[in-house]
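Reviewing the structure listed below.
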Amino acid sequence: MNPKLSNRVNKMATSATLAMAAKARELREEGKDIIGLSLGEPDFTIPEFVKEAAIQAIKDDYHAYTPVDGYADLKQAIITKFKRDNDLTYSPSQIVISTGAKQSLANLAMVLLNEGDEVLLPAPYWVSYSDISKVAGGVPVEIPTSIETDFKITSEALEAAITPRTKMMIYSSPCNPSGSVYSREELRALADILVKYPDIIVVSDEIYEHINFTEGHASMAQFEDMYGRTVTVNGVSKAYAMTGWRIGYIGAPEYIARACNKMQGQITSGANCIAQRATITALENPPSKIQYMVDAFKERRGMVLQLLSQIPGFKTNEPEGAFYVFPDISYYFGKALRGKEINSASDFSLYLLEEANVATVTGEAFGDANCIRISYAASETEIKEAMRRIREAVI
Ligand code: PMP
Ligand code: GLU
């Protein structure tokens, strides 16, 4: 807390995922052999065809400011992608391209929330939803779940959390951090509640759409009675391993898209021109082109679950998508490991960093104080070694 800084930033938490990644980096620079399973970042390189498109864009002299809401032909590629993959129909005025899905989410919070508006967050939720909402004046309202229900909320829990101040709900499916995937039927059950409260805007974060090991991906906006108040958020960071290229986008009701365009126009302007050109190529290609990454993530999920099952005190669900496992490690609370007392998920995550040289993220940052998040977007060798070290550190 520094009184010279704004209340806004003083009341904000540092992103726990980024903080842990920075700490791991620091320790590595000091010469420690840290295995980083904290950051949700594919370890693959960008597919060749996407790289070539970026190189071509540089050669073609793309250099100037881009339209605030994105190139028209990228919007068209996004519209085609929404139709092809999600059976969603959007027009160009409903699309806004941003500097990562994180900016898409920040725009939404800034244009939709007034002071004191409540934001429903089915927990566990992605770390930044809560602080992005708070910065915009919103009040996060967690809807707790448990590992027994695969970390999914029920319609009863949803309805019980709604108040006259509820403005928005944000969730991800496939979910970061639990890997849970809501089926079409499960989303419909939630929609049946939401239709009774027409003023609530739903933000459906589908950035892990393609990293889904179930039969298929369902979108809230596919329901006709939800389409007019659902914002679909997506991006290329995860599926195309383009995390550093910073391109995310939304399909939204037109008035919301216009407001995001206005907000972005005063804060960052249009997203990077070369990354936008490359994104056109990424999205125009069929998702089958990136299936090799999805297959690898599925293999690794099996491996992590199998190895974790051999470590006492780790309780897991079976994640159906994304590239995280979110084990409940509350078994260790109140116990001492190598003389260190473990009283929280943060203590446990720190213990793993210090004693096993493995970086994870505490579940507290995701709204679940019993769990830690392990990203398996790492090589098989790293995963095996990390699990071996964790086992050794706790038995
Ligand atoms: N949503 C979720 C659920 C995420 O895990 C991430 C990870 N970065 C983002 C949004 C933001 O993605 P980006 O800004 O890289 O597009
Ligand atoms: N979304 C990733 C994660 O959850 C990247 C880090 C971040 O942007 O928070 O780890």
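Read the numbers this way: they start at 1 and go in the same order the structure lists the ligands and their atoms. Since this is a predicted model, take the numbers as computed values, not measurements. Side chains included, hydrogens not; waters and symmetry mates left out as well; all remaining heavy atoms used.
Proximity of a side-chain donor or acceptor of Ser375 to a complementary backbone N or O of Leu39 within less than 3.5 Å is detected. Looking at Glu385, its side chain never comes within 3.5 Å of a backbone N or O of Glu382 through a donor-acceptor pair.
Only the side chain of Tyr324 comes within 4.0 Å of ligand 2, judged by heavy-atom distances. Residue-level proximity to ligand 2 for Glu41 is absent, since no heavy atom of it falls below 4.0 angstrom. Contact annotation: for Asn176 versus ligand 2, heavy atoms closer than 4.0 Å belong to the side chain alone. Both the backbone and the side chain of Leu39 come within 4.0 Å of ligand 2, counting heavy atoms alone. Of the heavy atoms in Leu18, only side-chain atoms (C-beta onward) come closer than 4.0 Å to ligand 2. Contacts between Arg373 and ligand 2 below 4.0 angstrom, taking non-hydrogen atoms only, involve the side chain exclusively.
Between Lys238, Glu41, Arg246, it is Lys238 that holds the heavy atom closest to atom 7 (C) of ligand 1.
The contact set between ligand 1 and Ser237, taken as ligand atoms under 4.0 Å from a residue heavy atom, comprises 13 (P), 15 (O), 16 (O). Contact atoms of ligand 1 toward Tyr208: 3 (C), 4 (C), 5 (O) (distance under 4.0 Å to a heavy atom of the residue).
At a threshold of 4.5 Å between non-hydrogen side-chain atoms, the residues Met242 and Ile247 do not count as touching.
Residue contacts with ligand 1: Gly100 is included, with a non-hydrogen atom under 4.0 Å away.
Under the 4.0 Å criterion applied to side-chain N and carboxylate O atoms, Lys167 and Glu118 are not assigned as salt-bridge partners.
Note: Phe297 and Phe323 have tilted aromatic rings, judged against thresholds of 30 and 60 degrees for the angle between ring planes.
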